[in-house]
Novice: 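Just passing along the structure, written as structure tokens.
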Number of protein chains: 2
Amino acid sequence: MPPLRPPVEPPNATRLPHRSAEEAAGEQTGAGGPPRTAATRDPERTRRAILDAAAAEFSANGFGGASVNAVAERAGINKRMLYHYFGNKEDLFLVVLEEAYADIRNAERALSLGNLEPVEAMRRLVLFTWRYYLEKPSFVSLLNTENLYKAAHLRRSQNIRALHSPLVDTLEELLRRGAGQGTFRSGVDPVQLYISIAGLGFFYLSNVHTLSTIFGRDLQSKQALAERGEQIVEVILGYLRPPAAPQQAAPDTAVPDTKD
Amino acid sequence: MPPLRPPVEPPNATRLPHRSAEEAAGEQTGAGGPPRTAATRDPERTRRAILDAAAAEFSANGFGGASVNAVAERAGINKRMLYHYFGNKEDLFLVVLEEAYADIRNAERALSLGNLEPVEAMRRLVLFTWRYYLEKPSFVSLLNTENLYKAAHLRRSQNIRALHSPLVDTLEELLRRGAGQGTFRSGVDPVQLYISIAGLGFFYLSNVHTLSTIFGRDLQSKQALAERGEQIVEVILGYLRPPAAPQQAAPDTAVPDTKD
DNA sequence: CAATCAAATAACCAGGTGGTTACTTAGCCG
DNA sequence: CGGCTAAGTAACCACCTGGTTATTTGATTG
């Protein structure tokens, strides 16, 4: 009896043919004898195919539920190659995780929040974070899986911490600027704030299936998702408004505009 | 080679001896022949032992990573009994989930928020939610696992939805009271708000291992946890403050609540 | 053009998987 | 007390698991 696995909706197009259409075009591929081995060797493409397949498999089934056999099949490669390139299941998972983190932090940096007006910068960061999770559900799932294992893999990573300090620095500077001009309350911890920004979206998406079920309401509809994005912005900016009794208003630009 | 499993810290005391101390006391247990079968039959205790063991196993390893052999071992019962009482792995998981939900909703109801002043009631709900997750990490883990499977088990549950409507009703009434007396902004959707309250704590705890790693900061210390609790209260109550320019203050109680 | 080494393959391994078959035994009820 | 059912046990099953062994083959390089 096959082990239960989470549902896979589309016949997932992640399994790449080992050869591109271009390359195969110049030869008689179909009619001839059975091509036992791939005609061309391409370590880079093989590596990429394994990583993509692994990301899909791990995020779909969790670490424990994922099967290296299935990864190899998805990638269209021999299982032995997976061990050749990545050593074992755990090391493969770590590489997938590291890539996922690098991707989001790079996209974040591209926002160039330092050049924007604080409220606008914050709004963009919040919406970016929400939309990133929305567009990359595999990222959400991978993090959940890794936390089930108490970050055992990630903790072995070398450069993970350096990857994240720029984010904290940016946020810190943003909060300082906002507080200086009186549009943000002061004394906000950037790490706590980031966890709030992330959590308001992450939890919604990560738990959308149970939440939809218990509240009897489709939380994945286009409208519901758009509403949630707005909601998160409102919560964060609403929280960041300075308290009614102004702590220390800056003499010049200190108009407490609660725009939006 | 044994399959990788998430770490288990203490030699988990969840495995109950099949017989209570009282019962065993009245007999010569130790010296005699090898007691092949339990001297007493107790379906209720067996059922309970299986459920407790299953909750521990599922939350520690996820659904896919959990092993029914391990559940039986933890519970100190023969695996066949597990199938006798619960049918199969999936049905067992569903019962565990239903129990977990019933527990939190019952505890919530016991708060009697209807009798409290709105701001105080909200503060208590927020802190209760945070502390519940904190004290029952297995609940957090179970929900994550169930969402990996797109709530396939929970969706088959009959009475799950009825279990949650009182929560929404309570929150709705709370928001109406608060808006009526001008301490909360109006037009807040109770479901969105609850997801925010839950998410601010759930995400922190669910992802505490990766977050601690990437930010290089122990987010599980007593102090950090206390700070987070305060933070969540601040974010929610900060958000709920009415906007600076009062929208339309109701002279009496006739607040045009745009509920939903 | 032979040597070399990485890329790739197929077949295999011990042990774990969810689930079952065949059986024994305790306790209740007529 | 006899019989029946539910509680309980041990051994087993086919299949899947992560990982390996032994081998072939493509491409580069001296």
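Within every chain, numbering begins at 1; the chains are lettered A, B, ... in the order of the sequence lines, protein sequences first and strands thereafter. Keep in mind that what you see is a predicted model, and the values were worked out from it rather than measured.
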Novice: In whole angstrom, what separates A:E90's CD from D:dT17's P?
Specialist: 17 Å

Novice: Of the nucleotides D:dG18, D:dA7, C:dT20, which one has an atom closest to the side chain of B:M81?
Specialist: D:dA7

Novice: Quick one: B:F93 CZ to C:dG18 P, roughly how many Å, whole number?
Specialist: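 One finds 14 Å between P of C:dG18 and CZ of B:F93, rounded.
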
Novice: Take atom CD1 of B:I50 and atom P of C:dG19, then tell me their distance rounded to the nearest Å.
Specialist: 14 Å

Novice: Report which part of the nucleic acid A:N69 touches: base, sugar-phosphate, or nothing (heavy-atom distance under 4.0 Å, all strands).
Specialist: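 Base: the residue A:N69, judged by heavy atoms under 4.0 Å, touches a nucleobase.
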
Novice: Answer yes if the side chains of B:N61 and B:E57 hold a donor-acceptor pair under 3.5 Å, and no otherwise.
Specialist: yes

Novice: What is the distance, to the nearest angstrom, from the CG atom on A:N78 to the P atom on C:dA7?
Specialist: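 Those two atoms, CG and P, are 14 Å apart.
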
Novice: Would you mind telling me which of B:L142, B:N106, B:L154 makes a side chain to side chain contact (heavy atoms under 4.5 Å, CB included) with B:Y101?
Specialist: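 The residue from B:L142, B:N106, B:L154 that satisfies side chain to side chain contact (heavy atoms under 4.5 Å, CB included) with B:Y101 turns out to be B:L154.
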
Novice: Taking only side-chain N and O atoms of B:T46, does any of them lie within less than 4.0 angstrom of OP1 or OP2 on D:dG8?
Specialist: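 Looking at the OP1 and OP2 atoms of D:dG8, one of them is under 4.0 Å from a side-chain N or O of B:T46.
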
Novice: Closest heavy-atom contact between A:G201 and A:W130?
Specialist: CA-CE3, 3.6 Å

Novice: Nearest-Å distance, CD (A:E44) to P (D:dG26)?
Specialist: 21 Å

Novice: More 5' along DNA chain D: B:P43 or B:K79, using each one's nearest nucleotide?
Specialist: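 Looking at the nearest nucleotide for each, B:P43 comes out on the 5' side.
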
Novice: Report the residue from B:F63, B:F93, B:F58 that forms a ring-ring contact (aromatic ring centres under 6.0 Å, His included) with B:Y149.
Specialist: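 Passing option: B:F63.
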
Novice: According to a strict under-4.0 Å criterion, is B:S67 in side-chain N/O contact with OP1 or OP2 of C:dG18?
Specialist: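 So the side chain of B:S67 is within the cut-off, an N or O lying under 4.0 Å from OP1 or OP2 of C:dG18.
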
Novice: Report the distance from atom CZ of A:F63 to atom P of D:dT17, rounded to the nearest whole Å.
Specialist: 14 Å

Novice: Please list all pairs meeting ring pair (Phe, Tyr, Trp, His ring centres under 6.0 Å) that have one or both residues in residues 68-90 of chain A, counting only residues at least two apart or in different chains.
Specialist: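 Qualifying pairs: none.
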
Novice: What about A:R80, does its side chain sit under 3.5 Å from the base of D:dT23 through a donor-acceptor pair?
Specialist: no

Novice: At less than 4.0 Å, is any side-chain N or O atom of B:Y85 found next to OP1 or OP2 of D:dA6? Yes or no.
Specialist: no

Novice: In this structure, how many angstroms lie between the C1' atom of C:dG16 and the CD atom of B:E57, rounded?
Specialist: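 For the pair B:E57 CD and C:dG16 C1', the rounded distance is 13 Å.
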
Novice: Whole angstrom is fine here: how far is it from CZ in A:F58 over to C1' in D:dG18?
Specialist: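 My rounded result for the distance is 11 Å.
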
